[in-house]
Structure formats: C-alpha cells, structure tokens
Amino acid sequence: MNYEWDWGAVADAWPLLWEGFKTTLLATVLGTAVAAVLGLVVAMAGRAPSRWVTVPVRALTEFVRSTPLLVQLVGAYAVFNTVEPLTIGITVLGIHYAAYLSEVYRSGIDAVPKGQWEACRALSMSRRRTWQAVILPQAVRNVLPALGNYAISMFKETPFLAVITVQEMVAEAREYGATHFVYAEAFTLAGLIFLAASYPTSLLMRKLEKRLGH
C-alpha cells in the first residue's frame, strides 16, 4: 500500500501546531526559570549547617528525582484540579528539573577554588557578601552549559503536558490527526519544529561550553 504525502494537510495543520508551539515554548521558558531559581535555593539549603534543613531537602530531592515526570504531572493535576493545567505543568516541570539542577549547582559551587573562600575570609567579608560577590557568580558561570542542556530536555518533554489537558504542540498534532485522519503529516511537522528549535540551541550550548572551558 503506497502512502501519498499530502502537502495540503501540512499547510492546514501549521496554524494549529504553531499555536501549540507557543504553549510549548512558554512552558519551557517559565519552567526553566522556576528550575533555575528553585534549583539554586535547594542547593544552598543542602549546604545549611542544620540537619533539620539538609535531611528533608535531600529526601524531597531524591523523591522527585526517583519518580517519573508523568506520574508527578498526573498526581499534581489530581490534587490541584482547580488550578489552570498549564500552571500545574510549568510548576511540576520546574520542580522536577530543579531537583537535577540542584546537583549541578552543588558541583558548580564545589568547583570554586578553595583559595577564593580563603581570600574572602582574609578580607573579612561577610558570609552573605562572599556568596553574592564571589562564589555564586563563579558557580553560575560553571553551570550555564548544563542549565541550557536541561532546558532543551525540558522542551522535548513538554508533550507529557498533554496528559493534563494542556494543548501543547504534540497534542495539537494528535487532535488534527484525529479530526482529519491525517497523522503522518501532522506528527512529522511537529517533529521538524522540535528539531528546528532544539538543534541550533544544542549547538549554541556546545559552543558556550567550549568557550567557558578555556
């Protein structure tokens, strides 16, 4: 059986997929922002002197990292069913990736030379000033490539949001296929849009990683 590619269907599906892409992009950008900020907070909390802080933080982090994103989305949607699904999706994506980014931040902080800490103590700098002016700028610089790579991973996992009724790009492709009985064109177009958005970003992250590595 020969399948005839329908370019008309591609043109017809494009507006719907473009609307879905904007939702996908919004979820990725806001989810990455949540993950970047929350991941740093978790990394800092994990270095607190009190075990009453570090133990619960590490337990929650391990729980998030050990459970699938799909399960977290469905669970959050079931509990917070009065909240906008996109808001739930962005929040869950942010928390999920914050658990991973906290380890990235931790590694970035540990990579700061001990001499920097000693110099700050020699200059009688406060702990807050040491973190703000010396440690965090260097740590964040160290983790920028990893942050970009996790943002790309989040972008490619946004189709999971469809399980909580968010009409992202793949959901739009599925809906178009179901109503027009044309799946190949819609899903191929969605895949090409994912590729066009993620591949150049991936190349940029590699270039940034090499540049920061020198």
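In this chain, numbering begins with 1 at the start of the sequence shown. Only heavy atoms go into these numbers, but all of them, side chains included; no hydrogens, no water, no symmetry mates.
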Would you call [X] and [Y] a side-chain contact if the rule is heavy atoms closer than 4.5 Å?
X: Leu161; Y: Ile88; answer: no
X: Tyr77; Y: Thr165; answer: yes
X: Arg106; Y: Asp110; answer: yes
X: Tyr105; Y: Val42; answer: no
X: Gln167; Y: Leu16; answer: no

Point to revise | Neighbour count above 12 (heavy atom, 6.0 Å) for Trp5 CH2 | key: yes

Practice item. Count the heavy atoms of every other residue, nucleotide or ligand shown that sit under 6.0 Å from CZ of Arg129, and state whether that count exceeds 12. Key: no

Could you state the interatomic distance from [atom1] ([X]) to [atom2] ([Y]), rounded to the nearest 0.5 Å?
X: His96; Y: Ser153; atom1: NE2; atom2: OG; result: 9.5 Å
X: Thr158; Y: Leu25; atom1: OG1; atom2: CG; result: 9.5 Å
X: Ile90; Y: Thr28; atom1: CD1; atom2: OG1; result: 9.0 Å
X: Leu30; Y: Thr91; atom1: CG; atom2: OG1; result: 9.5 Å
X: Glu175; Y: Leu17; atom1: CD; atom2: CG; result: 10.5 Å
X: Ser102; Y: Leu38; atom1: OG; atom2: CG; result: 8.5 Å

Exercise for review: Mind running side-chain contact (heavy atoms from CB on, under 4.5 Å) on Phe155 and Thr201 for me, showing each step along the way?
Suggested key: CA-CA 11 Å; Phe155 175 66; Thr201 307; over 6 Å; no

Please say yes or no: joined through hydrophobic side-chain contacts below 4.5 Å, possibly via intermediate residues, are [X] and [Y] part of one cluster?
X: Val71; Y: Tyr100; result: no
X: Tyr199; Y: Val29; result: no
X: Leu203; Y: Ile152; result: no
X: Tyr183; Y: Met169; result: yes
X: Ile164; Y: Phe80; result: yes

Under 3.5 Å, is there a donor-acceptor pair between the side chain of [X] and the main chain of [Y]?
X: Glu103; Y: Ala99; result: no
X: Ser198; Y: Phe194; result: yes
X: Arg58; Y: Gly46; result: yes
X: His180; Y: Tyr176; result: yes
X: Gln72; Y: Val64; result: yes

Indicate the atoms forming the closest heavy-atom contact of [X] with [Y], along with that distance.
X: Thr32; Y: Ala151; value: OG1-CB, 3.7 Å
X: Val34; Y: Gly94; value: CG1-CA, 3.7 Å
X: Thr54; Y: Ala45; value: CG2-O, 3.6 Å
X: Met154; Y: Ala27; value: SD-O, 4.2 Å
X: Thr188; Y: Ala184; value: OG1-O, 2.6 Å
X: Asp6; Y: Glu185; value: N-OE2, 2.9 Å

Exercise for review: Walk me through it: do Val104 and Tyr150 pass the test side-chain contact (heavy atoms from CB on, under 4.5 Å)?
Suggested key: CA-CA 10 Å; Val104 174; Tyr150 275 115; 3.7 Å; yes

Practice item. Verify side-chain contact (heavy atoms from CB on, under 4.5 Å) between Phe187 and Val170, making sure each step is shown before the conclusion. Key: CA-CA 7 Å; Phe187 279 103; Val170 173; 3.9 Å; yes

Exercise for review: Carefully, step by step, assess Leu26 and Leu86 under the rule side-chain contact (heavy atoms from CB on, under 4.5 Å).
Suggested key: CA-CA 9 Å; Leu26 178 64; Leu86 181 59; 3.9 Å; yes

